[in-house]
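As structure tokens, the structure follows; a few thoughts come after it.
For clarity, every value in this text was computed on a predicted model and none was experimentally measured.
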Amino acid sequence: MTLGLINANPIVHAKKERVARCEDSHCYFVRDIRDPEHPYSLEQLSVLSEESISVDDKLGRILITFTPTIQHCSMATVIGLCLRVKLQECFPPHYKVDIKVSPGSHADEEAVNKQLNDKERIAAALENPNLRQLVDECLYSNEL
């Protein structure tokens, strides 16, 4: 983890009330993932919202578009990796998953999107024990 915070004072939003509705049940899988830098969820930091998650069960496709808190966020790839790992755990393997940063939300948008959807880079990243530990901490933190 970095020594200094990249975004030391993020805007934190209240968690939305959980309502059991079929159309947004897919959001529950990822809304509590903890940010790699802060003790807040991606939902609380408005990195993710219900509108940024699209699941087509008939076609077996998932598209998640997330918005980093700052344009030069170095944790964008870690956030994308966390999203991918969580979705792989929650959905059958035949689902096609695309993860992207919101258009215009990151200084290196094209490079980040390419990295987040490259199977070999994802596999290599998950073989790194330090990075895998950080992903696991974000996914399974009970501090939220």
Note, [X] side chain near [Y] side chain (heavy atom, < 4.5 Å):
X	Y	result
T67	S46	no
C73	I70	yes
L131	L126	no

Salt bridge (Lys or Arg N to Asp or Glu O under 4.0 Å) pairs touching residues 112-130, sequence neighbours excluded, are D118-R121
For H38, does its backbone N or O pair with a side-chain atom of D35 as donor and acceptor, under 3.5 Å? yes
Sidechain-backbone polar pair: D108 side chain, H72 backbone, donor-acceptor under 3.5 Å: no
Going through the distances and angles, do T69 and M75 end up as a side-chain contact (heavy atoms from CB on, under 4.5 Å)? CA-CA 10 Å; T69 58; M75 292 292 163; over 6 Å; no
Could you go through I64 and L87, starting from their C-alpha distance and side-chain angles, then the distance that decides it, and tell me whether this counts as side-chain contact (heavy atoms from CB on, under 4.5 Å)? CA-CA 10 Å; I64 292 189; L87 291 170; 3.5 Å; yes
Nearest-0.5 Å distance that lies between atom [atom1] in [X] and atom [atom2] in [Y]:
X	Y	atom1	atom2	answer
I79	I99	CD1	CD1	11.0 Å
Q115	L81	CD	CG	9.0 Å
N113	T77	CG	OG1	11.5 Å
N128	L134	CG	CG	10.0 Å

Please walk me through it: do V55 and F91 pass side-chain contact (heavy atoms from CB on, under 4.5 Å)? CA-CA 11 Å; V55 178; F91 284 88; 4.2 Å; yes
Quick one: closest heavy-atom pair of [X] and [Y], and the distance?
X	Y	result
P103	E109	CA-OE2, 3.4 Å
D56	Y95	O-CE2, 4.2 Å
G80	L116	CA-CD2, 3.5 Å
S105	F66	OG-O, 4.1 Å

Are I33 and Y140 connected in the hydrophobic side-chain network, where two residues link if heavy atoms are under 4.5 Å apart?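 Per the 4.5 Å side-chain linkage, I33 and Y140 are co-clustered.
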Residue pair S41 / E43, side-chain donor-acceptor N/O under 3.5 Å: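 Checked: S41/E43 side chains show no N/O donor-acceptor pair below 3.5 Å.
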Show, in sequence, the C-alpha distance, side-chain angles and deciding distance for V85 and C82, and conclude whether the side-chain contact (heavy atoms from CB on, under 4.5 Å) test is met. CA-CA 5 Å; V85 169; C82 290; 6.0 Å; no
Would you say E110 has more than 12 foreign heavy atoms packed within less than 6.0 Å of its CD? no
Holding to side-chain hydrogen bond (donor to acceptor under 3.5 Å, both in side chains), I want the full list of residues that pass it with [X], two or more places apart in sequence or in another chain.
X	value
Q88	none
K96	D98
N117	R84
S52	none

Set of side chain to side chain contact (heavy atoms under 4.5 Å, CB included) partners for P93, sequence neighbours left out: none
